[in-house]
Amino acid sequence: MSAADIVATSVRKVYHKDRIEIPVLDGLSLKIDAGEFVVLMGPSGSGKSTLLHLIGGLDSPTSGSIRVGEYNLERMTERELTAWRSRHVGFIFQMYHLVPVLTAAQNVELPLLLFKMSSAERRERVATALKVVGLADRTDHRPNQLSGGQEQRVAIARAIVTDPDVILADEPTGDLDAKTSEEILALLNLLNSEFNKTILMVTHDPRAASHGQRVVHLEKGVLEREERNPARPAMAAS
Amino acid sequence: MHLRLIYLYRNLTRNKQRTLLTCAAVALPMVIYVLSTAVVSGVDAFLDNSARQLRLAVTHKASIINMLPEGYALKIKSLDPTGERLRAACGMRWIGGKMQNVTQPLSTVAVDAEEFIKAFDDFKLTETEKAAWLRDHQAIIVGRGTAAIFGWKVGDRISIRSSVPPYTSLEFHIVSTAEHAQDANTNWCHRSYYEEDLKKNIPEATQGMVSFFFVKCGSKADLDFFRVEIDKLFARTIDETKTQDEKAFMNEFITQQFDLPRNLTILSIVTVFVAVMAATNTMSMNFRDRFNEYATLKALGFGGGYVFTLIQTESLGLCLLGGIFGALMPYVAFMHTPLGRVPVPVIQHLEIRPIVCLHAIAIAAVIGLIAAVWPSVLALRLKVVAALRNLE
């Protein structure tokens, strides 16, 4: 599957709590090229995760539009968004969110239940995904038998097994030590450079941010500034 | 095995203690349902058999504990001098009974010996048994279930202490174990023997009184006719009568004793309701424990319908496990072990029909579906973003 570009235009997101309006994103516009690795940074409450969720179709903007590839998300129903997510988006969470009673291979296989394919093809895809993340020898281990870094690798394998256009990572190294974080970030770099995935990663960690091609800083729901990473020039999308 | 089935199985075994307790909470009501249904069916069969016997029961109009004069028997029989339409009128007096050093009470009825044979021809006593019964003042026909409990056999001499005055020990000779009688528990002895004992021990006691009469009729039409005529005969006397067919009498007697059908139905409903609450509680706890998992599934692209079905299937599986266990346990116990031969009051022995077990399993399935409704709806409405925000 080819990478998809992401265009967010004048996105507003307002939450309501106890009849009080809480604006989280305030007319934010952002363009991410297909195959680009963009890092979202900003203080807590700046709207990073909200933007990530909107781009992933987990939530709808109060106003504005979001286009991912050829799909205008604001025009899609919840059912359509769910189906779209399963085919075009891979999520990586800070806390991994693996199913504790399933093995690594079964966790990775889970999203493939949404696809019509033979069990042989599923097994092959799972094996490939686990090989990419370096866990080919841990297929039968359950999450509680894996280290935090290994769990996150399984979560990454689960995110890429459906071959999505976009990978959305919400603080994927937030719960890991420095060494393991580097390994996970190297893996994301690999997915970006070798597999040409568009990656949008939220992080607080400047070292993690240095792995992106571009760092976007949010402040109070608006785009404060952008920085290009000269060490990692953007590649042309395939 | 397919991943969906693996996931279902692992969910069921995720918290084994919770699963076990919930299964037990569903199984127990199913055991009660199956046994209750068997008891009610047994009572119905007993009553249906009573309905076929063309017998009328005549009691005091005021209540069953009021006695009637034994002389009523001749007056009743005078309604049909030919003896074709009204074949017997048997006076009976309940004397209960207790064995020495045995706590279990007995049911013994003192009857008019000759009339008893005519009125209860469905006992199919052999000629030898009939002769022994009529010949011996101390003869007793024991219920085969009672005989099995105490190891009695024809020819044995037994001693029973009456539960009504004069509370003396009466010696009996067993002449039959009534192999064909519907009632396998009641014992039948000569009323004249009891009256003799009463006269000897309490001379001042009122004698010649009976608890009720059983009147054998020649046909269904005769049954309907004499049911009215007998009450007319004793209308406006000191001891007015209430005549009803044997089925109605037995039904009233059973209802007065313990109102089985009603009470068992209430018990079944209450326990099923408790099972629904227990299963709902389990599924709610499961939802609370796993809402992050459901949120993740939704984020991965599984629709609300999938998560709804996942919870419903798990609840269904959980309750079916309990239901199958609860339905099969009494079936195996009463149909394939010696427990099935233990006599039960009124209905001889419990017969557990497979169809009742299937009903129980179906009820368990419904419990499972109901129990999962609320958590399923919660999962369906679960906002992924809100759930993830709570967790991270």
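Small disclaimer: the values here were computed from a predicted structure and weren't measured. Atom set for the values below is all heavy atoms of this structure, side chains included, hydrogens, waters and symmetry mates excluded. Lettering follows sequence order; numbering is per chain, from 1.
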Output the distance between atom [atom1] ([X]) and atom [atom2] ([Y]), rounded to the nearest 0.5 Å.
X        : Y       : atom1 : atom2 : answer
B:Tyr306 : A:Thr82 : OH    : OG1   : 14.0 Å
A:Gln106 : B:Leu3  : CD    : CG    : 5.5 Å
A:Glu109 : B:His2  : CD    : NE2   : 7.5 Å
B:Glu293 : A:Leu98 : CD    : CG    : 10.0 Å

Check against side-chain contact (heavy atoms from CB on, under 4.5 Å), A:Val99 and B:Arg14
CA-CA 11 Å; A:Val99 178; B:Arg14 196 183 284 221; 4.0 Å; yes

Looking only at non-hydrogen atoms, find the nearest pair between [X] and [Y] and report the distance.
X        : Y        : result
A:Pro111 : B:Leu300 : CG-CD1, 4.3 Å
A:His97  : B:Asn292 : ND1-ND2, 4.2 Å
B:Gly301 : A:Ser86  : CA-CB, 3.8 Å

Is it true that atom [atom1] of [X] has more than 12 heavy atoms of other residues, nucleotides or ligands lying nearer than 6.0 Å?
X        : atom1 : value
A:Glu80  : CD    : yes
A:Phe115 : CZ    : yes
A:Gln145 : CD    : yes

Below 4.5 Å, heavy-atom pairs only: which of A:Leu112, A:Asp59, A:Val101 has the largest tally toward chain B?
A:Val101

Select, from A:Leu58, A:Val89, A:Leu114, the one with the greatest count of heavy-atom pairs under 4.5 Å involving chain B.
A:Leu114

Look only at the side chain of A:Arg85 and the backbone of B:Ala299, and say whether a donor-acceptor pair between them is shorter than 3.5 Å.
yes

Would you say B:Arg4's side chain and A:Leu113's backbone share a donor-acceptor pair under 3.5 angstrom?
yes

Before you tell me yes or no, could you show the steps for A:Tyr15 and B:Val385 under side-chain contact (heavy atoms from CB on, under 4.5 Å), namely the whole-Å CA-CA distance, both residues' side-chain angles and the distance that decides it to 0.1 Å?
CA-CA 12 Å; A:Tyr15 287 112; B:Val385 173; 4.0 Å; yes

So do A:Arg158 and B:Thr296 actually touch side chain to side chain, heavy atoms under 4.5 Å?
yes

B:Phe302 portion near chain A, given a 4.5 angstrom heavy-atom threshold
both

For A:Leu110, is it the side chain, the backbone, both or neither that has a heavy atom under 4.5 Å from a heavy atom of chain B?
both

